[in-house]
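Quick one: the structure is below, and I'll ask about it shortly.
Convention: sequence-line order gives letters A, B, ...; per-chain numbering from 1.
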There are 2 protein chains.
Amino acid sequence: MATASKLSQNRKPGRPSKSEDLRDVILDQAELAFAEFGFEGASLRDIAGRANVNQALTRYYFGSKADLFDACFLRRGGFLAGHRHVNLDRLLEKTPNPEVEDILLAYLKPQWDMKYSGPNGAAFVALQARLHAEPEEHALRLRREVYDASVKRYISALCDALPHIPRDVISTRMAFLVGTYLFMLNDLGRLDDLTDGHLNGFGKEDMLHQLVTFLSAGMRAAP
Amino acid sequence: MATASKLSQNRKPGRPSKSEDLRDVILDQAELAFAEFGFEGASLRDIAGRANVNQALTRYYFGSKADLFDACFLRRGGFLAGHRHVNLDRLLEKTPNPEVEDILLAYLKPQWDMKYSGPNGAAFVALQARLHAEPEEHALRLRREVYDASVKRYISALCDALPHIPRDVISTRMAFLVGTYLFMLNDLGRLDDLTDGHLNGFGKEDMLHQLVTFLSAGMRAAP
DNA sequence: CTTGTTATTATACATATGATTAATTTAACG
DNA sequence: CGTTAAATTAATCATATGTATAATAACAAG
């Protein structure tokens, strides 16, 4: 562990550790606000207020509101993509020819865990769902930048596991999958409405298992 | 077909046919704007401008901005739910014990057709996707009001077709399904990104078929 | 035509917002 | 301590927005 003096050497002068904290505090609160109200609905004043910080600080650190949103998304999105990447590495290392279920689980689990890691994790799920519903070109670029590489690796893994199914079909089904789990995670709390409350019997892990079962069967279906 | 004189008798005095048209023109333009920019992002001025109408007219006809949004959603949402209802009626009448594929197709086709019925149909799909990503209580009530009854009927039909699968599981999978097709329809134009352009070979009908295949397999999966 | 009701517009109001600038504080360093 | 650069704040700007009101236009009825 680095000593305090070493840390202060690495740090640029005039930039104390406290400021790094504020940067993250702003990001955390922005995450919550964007998730709850959407990009247009959230206001910089509100975000700054939640963070107990002057509004101009958001501009100082992140530039425009759009830049703040991007920073928000890239932070946790990058973490998520990285986690997925590692999961697939480990799986392929351990099992040369993994089952479809295992591949899907490697993909879904990080998002799942994030959702239940706390309010900000859940907020990020909502953020993703919103971003997917956004038709703007910029939103599309963001998503591609963060996720595309990882998704393509998983498509390849699925192709290996399902050699009799054309790659085009697998790609399409992978897109189905993204919609399914995103929507589902975001809507989970209200799923009871459809089940007349019978859903309470399912725990979080049960639900993940159900999702994997459902999606694996879809992946395996003869085209 | 009613004569012009008869029509003018049915109409309330002081409410000429032209005004009914404007009401719909506003709804059409609001639909496009809400779909493109979201509820907060769309502005009444912009909507009124597109409709070549004074902004105060939106208030005159619909009240608040939120009311306009609701009217927007209920109009086409009601049409959609009705279409689904009829489709299931006809299916059950024709085939007492229909296949899962037929049930799902009856559910999905109306939305599919709407998407390709023109710009406003496509906009409504985007609107739905946005509304689903919205955590507000009001958005939830809207969706439930429009869709819940219809969805529950389809769940029952699926339970009959899959007697060995518990109702809870079917309900959950039906929720999966909604997420899948909504995001997919909304994302369809950009699906090429994942397939390196190979998707062009699939026509609209092919894609619907692929979706039904995928979802049917998921529905049938042993839980 | 006159009247009363509805449809439509022109205009104004109050406010919330993102951006911006200048001033102030904080901390590292010589 | 004093200097310097970065971090943080206070205050202002210009504007876009939803709401609201009053005036006008269109139209049916008598």
Side-chain angles (χ1 to χ4, degrees), chain A residues 2-30 33-34 36-72 136 138, chain B residues 2-30 33-34 36-72 136 138:
Chain A
T3 66
S5 65
K6 208 166 187 180
L7 268 178
S8 66
Q9 279 181 351
N10 288 341
R11 210 178 291 130
K12 293 174 218 144
R15 192 172 192 188
S17 64
K18 204 179 155 197
S19 62
E20 304 254 354
D21 288 343
L22 278 190
R23 226 190 111 96
D24 274 354
V25 171
I26 294 176
L27 276 181
D28 285 341
Q29 298 305 320
F34 283 137
E36 187 169 1
F37 305 113
F39 177 75
E40 314 276 353
S43 90
L44 293 179
R45 277 173 177 80
D46 177 44
I47 292 171
R50 295 172 184 230
N52 282 315
V53 138
N54 188 282
Q55 183 214 139
L57 207 58
T58 65
R59 176 179 155 84
Y60 177 74
Y61 277 125
F62 302 99
S64 73
K65 187 187 185 184
D67 292 334
L68 171 59
F69 183 91
D70 291 359
C72 239
E136 285 175 42
H138 180 72
Chain B
T3 67
S5 65
K6 210 166 187 179
L7 269 177
S8 65
Q9 277 182 350
N10 288 341
R11 210 178 293 130
K12 293 174 217 145
R15 194 171 189 187
S17 65
K18 203 179 158 199
S19 61
E20 304 255 355
D21 288 344
L22 279 190
R23 227 190 110 95
D24 275 354
V25 170
I26 293 176
L27 276 180
D28 286 340
Q29 297 304 321
F34 283 137
E36 187 168 0
F37 305 111
F39 176 75
E40 314 276 354
S43 90
L44 292 179
R45 278 173 176 80
D46 176 45
I47 292 170
R50 295 172 184 227
N52 282 316
V53 139
N54 188 283
Q55 184 212 141
L57 208 58
T58 64
R59 176 180 155 82
Y60 178 74
Y61 277 125
F62 302 99
S64 73
K65 187 187 185 183
D67 291 335
L68 171 60
F69 183 91
D70 291 359
C72 239
E136 285 174 44
H138 179 73

What residues, two or more places apart in sequence or in another chain, satisfy salt bridge (Lys or Arg N to Asp or Glu O under 4.0 Å) together with Arg50(A)?
Glu36(A), Asp46(A)
DNA chain C: Gly41(A) or Arg59(A), which has the more 5' nearest nucleotide?
Gly41(A)
Scan Ala42(A) against the nucleic acid and name what it touches under 4.0 Å (heavy atoms): base, sugar-phosphate only, or nothing.
sugar-phosphate
Distance below 4.0 Å between Ser43(A) side-chain N/O and dA16(C) OP1 or OP2
no
Counting C-beta onward and ignoring hydrogens, is there a side-chain heavy-atom pair between Tyr61(A) and Leu27(A) closer than 4.5 Å?
no
Nearest heavy-atom contact between Ala42(B) and Phe37(B) is N-CB, 3.6 Å
Whole Å only: how far is the NZ atom of Lys65(A) from the P atom of dT20(C)?
15 Å
Without decimals, in angstroms, what is the distance between Leu44(B) CG and dA16(D) C1'?
12 Å
To the nearest Å, give me how far apart OH (Tyr61(B)) and P (dT19(D)) are.
18 Å
Where do N or O atoms of nucleotides 10-15 of chain D meet protein N or O atoms at under 3.5 Å, pair by pair?
| residue | atom | partner | partner atom | Å |
| --- | --- | --- | --- | --- |
| dA10(D) | N7 | Asn54(A) | ND2 | 3.2 |

Write down the distance between CZ (Phe37(B)) and P (dA16(D)), rounded to a whole number of angstrom.
14 Å
Considering only heavy atoms from C-beta outward, does the side chain of Phe39(B) approach that of Lys65(B) to under 4.5 Å?
yes
Measuring from Asp28(A):CG to Cys72(A):SG, what's the distance to the nearest 0.5 Å?
8.0 Å
Just how far, in rounded Å, is P of dA20(D) from CZ of Phe62(B)?
17 Å
Between Tyr60(B) and dT9(C), is there a side-chain N or O to OP1/OP2 distance below 4.0 Å?
no
Which whole-number value in Å describes the distance from Asp21(A) CG to dA27(C) P?
13 Å
Name every donor-acceptor pair, under 3.5 Å, that has one atom in a side chain of residues 51-60 of chain B and the other anywhere in the protein, sequence neighbours excluded.
| residue | atom | partner | partner atom | Å |
| --- | --- | --- | --- | --- |
| Asn54(B) | OD1 | Ala56(B) | N | 2.8 |
| Thr58(B) | OG1 | Gln55(B) | O | 2.7 |

If I take atom CD in residue Glu40(A) and atom C1' in nucleotide dG18(D), what distance separates them, rounded to the nearest angstrom?
15 Å
Is Ser64(B) touching bases, backbone alone, or none of the nucleic acid, heavy atoms closer than 4.0 Å?
sugar-phosphate
Using the side-chain contact (heavy atoms from CB on, under 4.5 Å) rule, take Phe34(A) and Leu68(A) through it: C-alpha gap first, then chi angles, then the decisive distance, then the call.
CA-CA 10 Å; Phe34(A) 283 137; Leu68(A) 171 59; 4.1 Å; yes
Measure the distance from CG on Leu22(B) to C1' on dC27(D) and round it to the nearest whole Å.
15 Å
Within the 4.0 Å heavy-atom criterion, would you say Leu57(B) contacts the bases, only the backbone, or no part of the nucleic acid?
base
